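A short worksheet on the structure shown next.
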Amino acid sequence: MPHQCTNCGRTFADGSKEMLSGCPDCGGNKFQFRPADADDRDPPRDAEPPDPPDPAGTAAGGSVARTVGSAASTVRNLVDGGSGSTSDPGAGVGADTDPGFDPDSDPDPEPGSDPGTPERTGAPDTEDSRSPDPSPGESASADARAEDSAQADARSQVVSPEELPPSGPSAEESAGDPTAAGAGPEDVPERDPDPPDLAELRAELNDQFESIKILEPGQYELNLMELYDREEYIIALQEDGRYSIQVPERWHD
Amino acid sequence: MGLITEIRDSISNVVSTLFSAQDPKRIGIYGPPNAGKTTLANRIARDWTGDAVGPESHIPHETRRARRKENVEIERNGKSVRIDIVDTPGVTTKVDYTEFLEHDMEKEDAVRRSREATEGVAEAMHWLREDVDGVIYVLDATEDPFTQVNTMLIGIIESQDLPVLIFANKIDLDEANVRRIENAFPQHETVPLSALEGDNMDEVYDKIADYFG
């Protein structure tokens with residue numbers, strides 16, 4: 001039972017369409033994927049390499065040799081990769097009102113999420129729409145048994161565009177854009193091994209401001225990685241955008 | 001033989017007690033705002049020292065400065081564990097004073113609270129980098145744990161190789177869903193509890209002794 005509702009624990013067959021409109025039992029819209037074994041064909045993994053290229057991390061992260069799992073290493077790369085950009089402690093604090101990346105404006109910051117549609121359905125959904133060809137793909141011969149009845153059923157029926165809710169355009173976009181087949185973030189499942197999620201997160205963070213952005217007095221956006229990464233830290237903010245920082249006792253070059 | 005073994009054991013017990021007495025582990029209580037971090041810190045501190053750590057509130061960002069309670073000695077199964085509890089401000093990526101206006105706060109106070117909360121997050125992140133030996137990550141079990149803040153903080157904690165326990169708090173509420181938290185962070189131990197009601201605190205202290213002792 002590869003799919004499981006993270007809310008009530010109900011399980012679903014791989015490719016099951018039941019999940020597409022939320023868990024029938026509890027209405028939950030987050031599902032985790034539990035492959036029966038490591039070789040199981042998993043469309044999201046096909047769509048996204050498990051270990052995405054990481055130029056910033058590999059360039060700057062060589063000094064750290066610890067391996068504490070993929071999620072941790074990705075974050076570490078993120079930490080290391082960002083350490084070179086903190087030359088000006090004041091750069092992040094200012095009255096810049098560019099909304100920029102707003103992690104909290106979306107109630108669910110996971111990539112590809114859409115409050116109106118089930119989280120975990122991106123893969124089967126987009127697969128349906130962009131590859132109506134019944135051939136299951138490159139790994140089909142090895143994993144023909146993975147094509148269970150639920151998958152076959154889901155594959156056999158392609159939803160018509162009129163049935164798609166206007167707020168859930170991912171399938172239409174994927175269908176119209178062949179390049180989306182490779183690495184669209186909307187294909188990234190919520191609970192799959194973390195690298196795609198964190199790679200996306202890192203890209204978003206890279207686009208963020210430095211440590212603290214003052215939208216207006218009393219409204220702040222914080223870049224947690226940057227705050228974590230810097231040796232000095234902000235101890236007092238002023239309304240006019242000025243601030244006090246505490247510098248480390250021994251300042252490194 | 002038996003006597004010598006006993007003497008040796010008691011000497012090593014004294015030595016380990018001495019070392020642990022000299023060097024209590026500093027345990028940071030982290031998590032998003034309003035997860036119940038201060039309630040937990042107060043529960044632990046009251047249970048073992050009789051004192052509280054700081055005021056609790058249902059208004060987010062009540063804790064805006066990290067607060068420490070030092071030398072909390074927890075006795076478990078004949079063992080004694082000494083920890084310093086660090087209650088930290090709730091970590092978030094956005095602080096907005098308008099959120100506090102809903103709690104009947106004047107704008108001026110709300111803006112100040114917002115500013116202090118932002119400073120508090122900066123301080124909490126700084127502590128995480130420099131000053132903690134282990135982390136208790138507190139989550140409100142009635143809330144969705146799949147958030148950017150939780151993923152990022154757990155990732156940072158893992159990258160630091162810090163021992164971490166996930167506490168699924170507020171299990172006294174009907175909407176609490178511990179399984180959702182276990183699913184979100186399967187690589188870590190999740191302990192259900194209600195810091196407010198004192199539910200399951202025995203397991204909480206067992207785990208603290210196991211992980212941070």
Side-chain angles (χ1 to χ4, degrees), chain A residues 4 6-9 28 30 32 64 66 68-69 71-76 78-79 102-105 107-110 113 119 190-191 194 197-198 201 204-205 208 211-212 214-239 243 246 248, chain B residues 32 65 91-101 107-130 143-162 164 175 177 179-188:
Chain A
Q4 185 180 34
T6 62
N7 195 41
C8 70
K30 290 190 176 172
Q32 61 177 337
V64 186
R66 288 176 301 176
V68 288
S73 66
T74 307
V75 170
R76 185 175 66 240
L78 198 154
V79 171
D102 182 0
D104 277 1
S105 67
D108 184 344
E110 295 294 338
S113 67
E119 301 286 344
E190 174 109 7
R191 286 286 303 125
D194 281 337
D197 265 355
L198 284 174
L201 190 60
E204 288 175 355
L205 288 168
Q208 281 190 56
S211 54
I212 296 176
I214 304 175
L215 300 176
E216 64 173 87
Q219 292 184 318
Y220 306 93
E221 288 179 359
L222 297 92
N223 183 337
L224 300 180
M225 289 310 299
E226 194 65 38
L227 288 170
Y228 169 76
D229 204 30
R230 54 177 51 206
E231 290 191 33
E232 76 284 1
Y233 83 100
I234 293 162
I235 55 172
L237 292 164
Q238 311 290 323
E239 289 306 336
Y243 59 95
Q246 176 173 304
Chain B
R65 278 279 176 256
V91 174
T92 181
T93 54
K94 193 171 188 178
V95 182
D96 188 341
Y97 74 92
T98 57
E99 180 186 357
F100 307 132
L101 297 178
K107 182 180 175 185
E108 193 180 328
D109 293 337
V111 168
R112 189 188 319 116
R113 188 183 184 92
S114 174
R115 193 173 65 232
E116 290 171 358
T118 304
E119 293 163 6
V121 175
E123 187 182 24
M125 296 306 291
H126 186 78
W127 275 80
L128 185 56
R129 174 186 167 121
E130 307 276 335
E143 297 283 334
D144 186 350
F146 294 95
T147 67
Q148 186 191 36
V149 165
N150 292 339
T151 306
M152 200 182 318
L153 278 183
I154 294 289
I156 288 173
I157 292 161
E158 288 172 353
S159 74
Q160 292 272 67
D161 277 345
L162 292 171
V164 58
E175 318 90 88
N177 188 337
R179 184 209 302 270
R180 197 165 49 173
I181 293 177
E182 290 169 344
N183 282 336
F185 305 105
Q187 69 276 37
H188 298 296

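As the structure is a prediction and not an experimental result, all values here were calculated from the model. Chain identifiers are assigned alphabetically (A, B, ...) following the order of the sequence lines, protein sequences preceding nucleic acid strands; residue numbering begins at 1 within each chain.
Between A:E216 and B:Y97, the closest heavy-atom pair is OE2-OH, 3.8 Å.
To the nearest 0.5 Å, the span separating OG1 on A:T6 from CG on B:D144 amounts to 7.0 Å. A:L227 CG to B:R129 CZ: the interatomic distance, rounded to the nearest 0.5 Å, is 11.5 Å. Note: A:L215 CG to B:K94 NZ = 6.5 Å, rounded to the nearest 0.5 Å.
A:Y220 is listed as a side-chain neighbour of B:R115, based on a closest heavy-atom distance under 4.5 Å. Side-chain atoms of B:V121 and A:L224, non-hydrogen and from C-beta on, do get closer than 4.5 Å to each other. Between B:R179 and A:N7 there is no side-chain heavy-atom pair separated by less than 4.5 Å.
The number of heavy-atom neighbours closer than 6.0 Å to CD of B:E108, taken from other residues, nucleotides and ligands shown, is 12 or below.
Not a single donor-acceptor pair under 3.5 Å links the side chain of B:D96 to the backbone N or O of A:Q219.
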